[in-house]
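All values reported here derive from a predicted model rather than from experimental measurement.
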Amino acid sequence: MKKTKVAFVCVHNSCRSQIAEALTKKFAGDSIEVYSAGTELKDQINQDTVRLVKEIYAIDMEETQKPKLLDDIPEVDYLITMGCNVVCPILPYTVKKDDWGLEDPSGKNDQEFIKTIKEIESKVHKLIEEVEAIYFRVEL
């Protein structure tokens, strides 16, 4: 069974795209192969992101994730950009491209971070439903 590949991309791959990767892994389990990447490499995931995702979901992002460049991930089925407010990175994709238009919470208070995290969670659930609906429609 071929897994659907999803990539979340942004410029720095240190906050929103990392959250989306972590939450998709958590909620989709093994049904989706998920990646995140950017065009510029940060040395670590945003530490407010790491702290809040650990507090809310008990996910230690630093154990399983790191900032990556676009060249570090394969071609995907779904390409999701985070809302870069500049030209978002592009990567080859085969099914769908979407931009989630999310504000970057970096440098803001915890409430703004949590608002963004919860918005990403909602979008991740909708994406998983879409991917599963397409997969099961094709398989029937």
- Task: For side-chain contact (heavy atoms from CB on, under 4.5 Å), just list the numbers for T49 and F113, CA-CA rounded to whole Å, side-chain angles, deciding distance to a tenth of an Å, and then say yes or no.
- Result: CA-CA 7 Å; T49 299; F113 259 94; 3.3 Å; yes

- Task: Would you mind reporting whether I114 and I56 have side-chain heavy atoms less than 4.5 Å apart?
- Result: yes

- Non-neighbouring partners of K54 that pass salt bridge (Lys or Arg N to Asp or Glu O under 4.0 Å), sequence neighbours left out: D60

- List in chain and number order the residues that pass side-chain contact (heavy atoms from CB on, under 4.5 Å) with Q65, two or more places apart in sequence or in another chain; answer none if no residue qualifies. Q18, E21, A22, K25, I45, M61

- Hits for side chain to side chain donor-acceptor pair (under 3.5 Å) against E112, two or more places apart or cross-chain, chain-then-number order -> none

- Pairs satisfying ring pair (Phe, Tyr, Trp, His ring centres under 6.0 Å), at least one member in residues 21-44, at least two apart: F27-H125

- Taken in chain and number order and not counting sequence neighbours, the residues that satisfy side-chain contact (heavy atoms from CB on, under 4.5 Å) with S122 are K126

- Message: If I take atom CD1 from residue I19 and atom SG from residue C10, how far apart are they, to the nearest 0.5 angstrom?
- Response: 10.5 Å

- Between D77 (side chain) and K5 (backbone), is there a donor-acceptor pair under 3.5 Å? yes

- After noting the C-alpha distance and the side-chain angles of K3 and S31, does the key distance pass the side-chain contact (heavy atoms from CB on, under 4.5 Å) rule? CA-CA 6 Å; K3 289 184 186 181; S31 68; over 6 Å; no

- Can you sort out the partners of Y78 under side-chain contact (heavy atoms from CB on, under 4.5 Å), two or more places apart, ordered by chain and number? T4, V6, V95, K96, L127, E130, V131, I134

- Item | Closest non-hydrogen atom pair between N46 and S106, with its separation | ND2-OG, 3.3 Å

- Task: Enter the distance from D48:CG to N109:CG here, rounded to the nearest 0.5 Å.
- Result: 10.0 Å

- Just wondering, do P105 and K115 contact through their side chains at under 4.5 Å, heavy atoms? no

- Query: Do L70 and V9 come within less than 4.5 Å of each other through their side chains, counting heavy atoms only?
  - Reply: yes

- Task: Starting from the C-alpha separation in whole Å, work towards a yes-or-no answer on side-chain contact (heavy atoms from CB on, under 4.5 Å) for L69 and N13.
- Result: CA-CA 8 Å; L69 293 172; N13 185 226; over 6 Å; no

- Query: Within the distance-only criterion (no hydrogens, no angle test), does the side chain of K66 pair as donor or acceptor with the backbone N or O of T64 below 3.5 angstrom?
  - Reply: no

- In terms of heavy-atom contacts, K68 and S36 come closest through CE-O, 2.9 Å

- Nearest 0.5 Å, what's the CG-CG distance between L41 and D72? 7.5 Å

- Message: According to ring pair (Phe, Tyr, Trp, His ring centres under 6.0 Å), who are the partners of Y57, at least two apart in sequence or on a separate chain?
- Response: none

- Message: Which residues pass the salt bridge (Lys or Arg N to Asp or Glu O under 4.0 Å) test with K26, not counting sequence neighbours?
- Response: none

- Any donor and acceptor pair, going by atom type alone, linking the side chain of D99 with main-chain N or O of G83 inside 3.5 Å? yes

- Task: Mind checking side-chain contact (heavy atoms from CB on, under 4.5 Å) for E75 and listing every partner two or more places apart, or none if nothing turns up?
- Result: P92, T94

- If you measure from CD on Q47 to CG on L52, what distance do you get to the nearest 0.5 Å? 11.0 Å

- Query: Could you walk me through whether C15 and D104 pass the side-chain contact (heavy atoms from CB on, under 4.5 Å) check?
  - Reply: CA-CA 8 Å; C15 185; D104 186 356; 4.1 Å; yes

- Does the side chain of F8 come within less than 4.5 Å of V76's, by heavy atoms? no

- Residue list, salt bridge (Lys or Arg N to Asp or Glu O under 4.0 Å) with K118, at least two apart or on another chain: E121

- Sorted by chain and residue number, the salt bridge (Lys or Arg N to Asp or Glu O under 4.0 Å) partners of D98 (sequence neighbours excluded) come out as none

- Message: Treating R16 as the side-chain partner and L102 as the backbone partner, does any N or O pair qualify as donor plus acceptor under 3.5 Å?
- Response: yes

- Applying side chain to side chain donor-acceptor pair (under 3.5 Å), name anything that partners D110, two or more places apart in sequence or on another chain. R51

